[in-house]
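By convention in this document, chain letters (A, B, ...) are assigned in the order of the sequence lines, proteins followed by strands, and residues within each chain are numbered from 1. Just so it is clear, the values below take in all heavy atoms, side chains as well, and ignore hydrogens, waters and symmetry mates.
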Amino acid sequence: MKRNAPLVLSFIAGLVMILAFFFESQTLTVAENEIQNYGVILAAFALGIASVNLIQVHARNISRGTTLERVYSAILIVSLVGMALVGITKGQNHPTFQFWFNAIMAPSQSTVWALGAFYIASAAFRAFKIKNVDSTVLLISAAIVMLGGVPIGEAIWGGFPGFSKWINDIPNMAGMRGMMIGAGIGAIGAGVRMLLGIERSYLGRSE
Amino acid sequence: MVQGRVFTFWLLVLFIGITLYSMQRAKSGKPVKVRRLPALDAIDEAIGRSTEMGRPIHYTPGLAAVTGLDAPQTLAAISILSYVSKLAAQFDVRLIVTIRQPEVYPLALETVREAYQVSDKIDKFVPTDIRYLSNQQFAYAAAASGIIVREKVAANFMLGAFWAENLMLAEVGTQVDAFQISGTASLGQVPLFVATTDYFLIGEELYAASAYLSQDPVQLGSVYGQDICKMLAAALLVIGVLGTALGSNFFIDLLSR
């Protein structure tokens, strides 16, 4: 029962979602909405459990970590509890909540995202080397695509933007679509194995 | 039936039928050979490296939840986590799993706990090494990068659905000289992983991983069925291209039914 109940529930939920996608039926629509609502409720409980884990890890850092770990973990816990309290008691539109989000969270996210440019540069520096035919083709096509996307490329040769667009639209798109078809069919196969209970390792059981 | 989905429905039924037939065929004793997947063969090497160096392993099952279009990638990543955590338990290597989505956290926790239990190493299981970081994309990336650098991981597994932050995780792993294995069906991120990690699983290879690692004949049979479905899809593509080139709208009408 303990082993089979999750499998039966998964099968029923999966079957309802698939049938609701293809068939117009009030019963299926209601069942689909209910399952989605259950998912939202489960996610909310999971957020609570995950938050407890987060606090446990950082509370341990505060009690046993280095000076820096204590400082950063304390900032995290104060921010977590503070924003949660403000959001719950005053609402998300309260000026304090909005300030913390707009002045701290959003700029922090943008900053980390902006670091991606430097990571792309370092990855390109390591990856674009002439070692064999494949890497040479990669280097040449990457150079053409990069030059086609900046004004200086068009200033060097007017054909770069068109050539860059051709690379993106034809060979790159062909490769992407091939992978997309393979991945889609792979997802169907994985879905069939999971819904039928043949693959159960995601449940933490190997048998 | 919903207008515009009739053909898709019957195609799905056909694909499922082919997959079930292949699984049954494999179950009845006809062996299925799956080509080598170097990324999965390298898992043992990565864990061996971590054991020798005495440094931990970092594992991330991606940034997606267990609902939505990217859920199969997350579940596939959790399946591979089961294998990795069993090996980590057997070789007494510390395994740090970082999670972005809260609903993935209980799955990952239970998967790793079960792996330690099966390996008779439950006393070595550290629940706080399975860490929920943040459900904000770049907050997660920053926190995971910090863990990779501070813990100086010897092996970095990045499997599942990713978006823009995968490059950061991979580059940070390179900075600490970690052995990196990645896998995703998020097509926009495939080139970034290919350029920055040592081994990678592209698209369907991620979904076939569980079957490959278990070597279960029935699961391998489903992978064989997937290949037949791919050939069928390719045949439909050729028919559609030829038909459209010759001026026939039959295929387009069929797809839009």
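Atom-to-atom distance recorded for B:Q175:CD and A:Y119:OH is 5.5 Å, nearest 0.5 angstrom. The line from CG of A:L42 to CD of B:E103 is 9.0 Å long, rounded to the nearest 0.5 Å. With rounding to the nearest 0.5 angstrom, the CD atom of B:E165 is 13.5 Å from the CG atom of A:L115. Here CD1 of A:I18 is found 6.0 Å from CD1 of B:I16. Values are rounded to the nearest 0.5 Å.
Looking at B:I202, only its side chain comes within 4.5 Å of chain A, counting heavy atoms on both sides. For chain A, the nearby part of B:V190 is the side chain; its heavy atoms alone come within less than 4.5 Å. Contacts between B:F9 and chain A at a heavy-atom distance below 4.5 Å involve backbone atoms as well as side-chain atoms. For B:T8, the parts sitting under 4.5 Å from any heavy atom of chain A are the backbone and the side chain alike. Heavy-atom distances place both the backbone and the side chain of B:A195 under 4.5 Å from chain A. Proximity to chain A is absent for every atom of B:L206, based on heavy atoms less than 4.5 angstrom apart. At a 4.5 Å heavy-atom cutoff, B:T67 makes no contact with chain A through either its backbone or its side chain.
Considering only heavy atoms from C-beta on, A:I188 stays 4.5 Å or farther from B:Q226 through its side chain. Considering only heavy atoms from C-beta on, A:F22 stays 4.5 Å or farther from B:V2 through its side chain. Residues B:L187 and A:M180 are in side-chain contact: their nearest non-hydrogen atoms beyond the backbone lie under 4.5 Å apart. By the 4.5 Å heavy-atom criterion applied to side chains, B:L109 and A:N53 are not counted as neighbours. Taking 4.5 Å as the limit, some side-chain heavy atom of A:I181 sits within range of a side-chain heavy atom of B:L237.
B:W163 CH2: more than 12 foreign heavy atoms inside a 6.0 Å radius. Few gaps surround CD1 on A:I170; more than 12 heavy atoms of other groups in view lie less than 6.0 Å from it. Residue B:Y224 places its OH atom among 12 or fewer non-hydrogen atoms of other residues, nucleotides or ligands, all under 6.0 Å distant.
Ion pairing of B:R5 with A:E24 is absent here, as no side-chain N (NZ or NE/NH1/NH2) approaches a carboxylate O to less than 4.0 Å.
Of the listed residues B:V218, B:D227, B:T174, the one with more heavy-atom pairs under 4.5 angstrom with chain A than any other is B:T174. In terms of non-hydrogen atom pairs under 4.5 Å with chain B, the most contact-rich of A:M176, A:Q36, A:M105, A:Q56 is A:M176. When each of A:G182, A:A127, A:G178 is scored by its heavy-atom pairs under 4.5 Å with chain B, the top score falls to A:G182.
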Test side chain to side chain contact (heavy atoms under 4.5 Å, CB included) applied to B:R131 and A:L54, step by step: CA-CA 7 Å; B:R131 299 180 192 176; A:L54 190 64; over 6 Å; no
Verdict with supporting geometry, B:E171 and A:I120, side chain to side chain contact (heavy atoms under 4.5 Å, CB included): CA-CA 9 Å; B:E171 279 298 294; A:I120 287 175; over 6 Å; no
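For B:S222, the side-chain hydrogen bond (donor to acceptor under 3.5 Å, both in side chains) criterion is met by A:R193, not counting sequence neighbours.
Results of the side-chain contact (heavy atoms from CB on, under 4.5 Å) test with A:V57 over B:T128, B:I130, B:D129 single out B:T128 as the only residue that passes.
Contact residues of residues 132-142 of chain B toward chain A are B:Y132, B:L133, B:Q136, B:Q137, B:F138, B:A139, B:A142 (heavy-atom distance under 4.5 Å).
Here the closest non-hydrogen pair linking B:Y207 and A:A187 is CD1-N, 3.5 Å.
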